[in-house]
Amino acid sequence: MAPAGLSLGAAILCLLAWAGLAAGDRVYVHPFHLLVYSKSNCDQLEKPSVETPPDPTFTPVPIQTKSSAVDEEALWEQLVRATEKLEAEDRLRASEVGLLLNFMGFHMYKTLSETWSVASGAVFSPVALFSTLTSFYVGALDPTASRLQAFLGVPGEGQGCTSRLDGHKVLSSLQTIQGLLVAQGGASSQARLLLSTVVGLFTAPGLHLKQPFVQSLSSFAPITLPRSLDLSTDPNLAAEKINRFMQSVTGWNMGRALTAVSPDSTLLFNAYVHFQGKMKGFSLLPGLKEFWVDNTTSVSVPMLSGTGIFHFWSDSQNNLSVTRVPLSANTYLLLIQPHHTPDLRKVEALTFQHNFLTRMKNLSPRAIHLTMPQLTLKASYDLQDLLAQAKLPTLLGAEANLSKISDANLRVLNSVLFELKADGEQAPESVPQPAGPEALEVTLNSPFLLAVLERSSGALHFLGRVSRPLSAE
């Protein structure tokens with residue numbers, strides 16, 4: 001059963017779809033017709049034919065096998081190419097997927113954030129979560145496939161083939177959404193964003209994986225690394241080996257993304273996401289500056305500063321302010337600051353809801369001198385634990401039918417490394433940056449929230465809480 005928030009998203013899409021029908025056209029069009037199987041696809045799938053041969057399988061190579069380093073420049077170019085020849089239908093499909101993943105993202109962020117302490121900072125990727133669950137939908141058979149489809153926000157159980165979600169269309173749209181985030185468009189003066197996704201598939205020795213499933217991952221994760229190792233004898237050592245392997249291949253300092261492996265696991269799926277943004281026109285301030293974790297505790301952290309025309313809104317009724325800063329031609333950074341630090345959780349609960357983007361329409365442009373921490377946020381979460389907290393423990397549990405992937409005892413994780421830096425050189429020690437006589441001073445030196453929005457698809461790529469920035473990198 002889909003969460004209540006997702007049913008609202010489904011209702012909105014239904015209304016939009018019906019509103020778009022021509023007045024004289026009474027032919028029913030499924031509200032998600034761009035994401036489900038077409039009639040011709042269904043005719044082909046249901047056509048009597050010779051028995052389909054079983055999916056080919058392979059055994060992953062050992063984890064100690066030499067691997068090429070991840071080339072993030074090549075991944076960036078691949079994402080940009082994916083957006084160069086988009087048609088109107090591709091963009092509309094991406095918008096539908098963006099709406100669905102936002103609804104799921106807010107629901108699961110709320111669930112996940114309830115496990116964080118007030119003093120902890122963390123970051124969450126709705127795109128990574130939605131991509132991971134869509135991948136498992138592709139690898140599932142009923143009843144698991146129908147349950148995953150409902151959780152993804154597309155009702156279809158008992159409605160026939162043309163109401164079944166086409167997972168490959170959704171994965172392709174997720175690639176479009178990622179490409180739109182990094183595409184620079186005509187604004188060549190904007191600093192470039194990096195977004196890289198790598199999937200690690202770590203199996204017990206001798207376990208076979210289905211080739212079609214692994215190949216389907218390439219849409220949202222161009223690099224998939226199937227590797228085998230002993231997961232059961234020493235789970236802590238297995239986790240250490242996986243962490244070392246991923247850092248050596250990617251070069252990403254994600255800390256201990258994996259702390260231990262469940263001893264009964266035979267397949268560990270982890271989607272690793274690295275985002276790096278550079279803020280155009282910002283400089284790194286000399287030395288370290290104070291960031292107040294609470295009213296009595298501060299830490300010294302690197303700070304960025306820049307002046308420009310940004311969008312701003314101060315909501316005096318709810319005691320919060322929002323600043324919107326462009327990161328690229330298509331992408332915005334939204335910074336949400338409670339007026340009083342103890343109100344952070346209250347502001348978080350109020351802000352990260354399904355009407356978030358509607359509320360952001362209250363922002364208006366003005367000159368701002370913004371000072372904020374240089375950010376490095378790291379997070380790793382177990383999807384099955386998250387689903388259990390959302391009262392859906394069986395969705396990817398032991399009884400789930402994922403036979404199009406492998407016959408394995410599965411664990412699923414997402415790991416995120418989020419970096420935000422200045423694009424300029426360090427500001428001179430003796431010359432403070434001028435704010436201008438009419439520029440509003442906005443200083444984020446106490447806990448705040450952030451979101452990264454890609455405006456073409458409306459997809460929220462990251463949601464986060466900054467409570468204690470890292471003191472240095």
Side-chain angles (χ1 to χ4, degrees), residues 57-64 108 111-112 114-116 120 122 124-125 128-129 131-140 144 147-148 151 197-210 213-214 217 221 224-250 252 254-273 378-417:
T57 64
F58 71 98
T59 304
V61 298
I63 196 169
Q64 60 267 28
M108 300 308 280
T111 302
L112 184 63
E114 289 170 352
T115 68
W116 299 337
S120 69
F124 171 73
S125 171
L129 171 68
S131 300
T132 299
L133 291 174
T134 302
S135 298
F136 283 100
Y137 169 78
V138 170
T144 301
R147 296 189 67 215
L148 278 167
F151 187 64
T197 305
V198 175
V199 167
L201 293 170
F202 302 103
T203 72
L207 185 79
H208 288 74
L209 296 175
K210 302 284 181 72
F213 168 75
V214 176
L217 300 176
T224 302
L225 300 170
R227 295 294 184 270
S228 66
L229 73 159
D230 182 356
L231 297 171
S232 59
T233 303
D234 188 339
N236 292 324
L237 178 61
E240 186 180 326
K241 287 182 177 179
I242 291 171
N243 289 336
R244 282 203 310 263
F245 169 76
M246 290 305 301
Q247 181 158 0
S248 68
V249 172
T250 63
W252 305 338
M254 304 193 81
R256 298 184 68 201
L258 185 63
T259 55
V261 175
S262 177
D264 59 349
S265 297
T266 56
L267 170 60
L268 179 69
F269 177 110
N270 198 347
Y272 297 83
V273 178
K378 304 174 185 181
S380 188
Y381 42 92
D382 184 308
L383 232 57
Q384 278 116 323
D385 288 348
L386 186 56
L387 290 169
Q389 291 158 21
K391 305 198 182 329
L392 292 164
T394 62
L395 192 59
L396 290 179
E399 61 273 36
N401 188 344
L402 300 170
S403 56
K404 292 165 72 176
I405 300 175
S406 179
D407 181 16
N409 190 351
L410 177 72
R411 296 307 296 177
V412 188
L413 294 96
N414 282 176
S415 297
V416 181
L417 173 60

So do the side chains of [X] and [Y] get within less than 4.5 Å of each other, counting heavy atoms only?
| X | Y | result |
| --- | --- | --- |
| Phe124 | Val416 | no |
| Leu267 | Leu207 | yes |
| Val412 | Gln384 | yes |
| Thr266 | Thr203 | no |
| Asp382 | Arg411 | yes |
| Val273 | Leu417 | no |
| Met254 | Tyr272 | yes |

**Request:** For Thr132 and Asn414, test the side chains for any donor-to-acceptor distance below 3.5 angstrom and give the result as yes or no.
**Result:**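 Yes, Asn414 and Thr132 have a side-chain donor paired with an acceptor closer than 3.5 Å.
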
**Between Asn409 and Ser265, a side-chain donor and acceptor under 3.5 Å** =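 Ser265 and Asn409 do not have a side-chain donor-acceptor pair below 3.5 Å.
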
**Request:** Going by the side chain to side chain contact (heavy atoms under 4.5 Å, CB included) test, name the single residue among Val198, Asn270, Leu201 that passes it with Leu225.
**Result:**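 Single side chain to side chain contact (heavy atoms under 4.5 Å, CB included) partner of Leu225 among Val198, Asn270, Leu201: Val198.
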
Nearest 0.5 Å, what's the [atom1]-[atom2] distance between [X] and [Y]?
| X | Y | atom1 | atom2 | answer |
| --- | --- | --- | --- | --- |
| Leu387 | Asp385 | CG | CG | 9.0 Å |
| Leu386 | Leu112 | CG | CG | 5.5 Å |
| Leu402 | Leu148 | CG | CG | 7.5 Å |
| Ile63 | Arg227 | CD1 | CZ | 8.0 Å |
| Ile405 | Leu209 | CD1 | CG | 9.0 Å |
| Leu268 | Leu410 | CG | CG | 8.0 Å |

**Request:** Answer yes or no: are there more than 12 heavy-atom neighbours, outside Asp407 itself, under 6.0 Å from its atom CG?
**Result:**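 No, not enclosed.
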
Which heavy atom of [X] sits nearest to which heavy atom of [Y], and what is that distance?
| X | Y | result |
| --- | --- | --- |
| Pro263 | Pro235 | CB-CG, 3.9 Å |
| Tyr381 | Ser125 | OH-N, 3.6 Å |
| Pro205 | Ser228 | CA-CB, 4.2 Å |
| Phe202 | Leu231 | O-CD1, 3.9 Å |
| Leu217 | Ser135 | CD2-OG, 3.4 Å |

Under a 3.5 Å distance rule, please check whether [X] uses its side chain to pair with a backbone N or O of [Y] as donor and acceptor.
| X | Y | answer |
| --- | --- | --- |
| Gln389 | Met108 | no |
| Thr144 | Ala140 | no |
| Ser380 | Leu258 | no |
| Lys210 | Ser403 | yes |

**Message:** Using the rule given for ring pair (Phe, Tyr, Trp, His ring centres under 6.0 Å), can you reason through Tyr137 versus Phe151, listing the C-alpha separation, both sets of side-chain angles and the distance that settles it, and then say yes or no?
**Reply:** CA-CA 10 Å; Tyr137 169 78; Phe151 187 64; over 10 Å; no

**Request:** Run the salt-bridge test on Asp234 and Lys241 with the 4.0 Å N-O cut-off and return the result as yes or no.
**Result:**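 No.
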
**Step-by-step ring pair (Phe, Tyr, Trp, His ring centres under 6.0 Å) determination, Phe136 to Phe269** = CA-CA 10 Å; Phe136 283 100; Phe269 177 110; 4.9 Å; yes

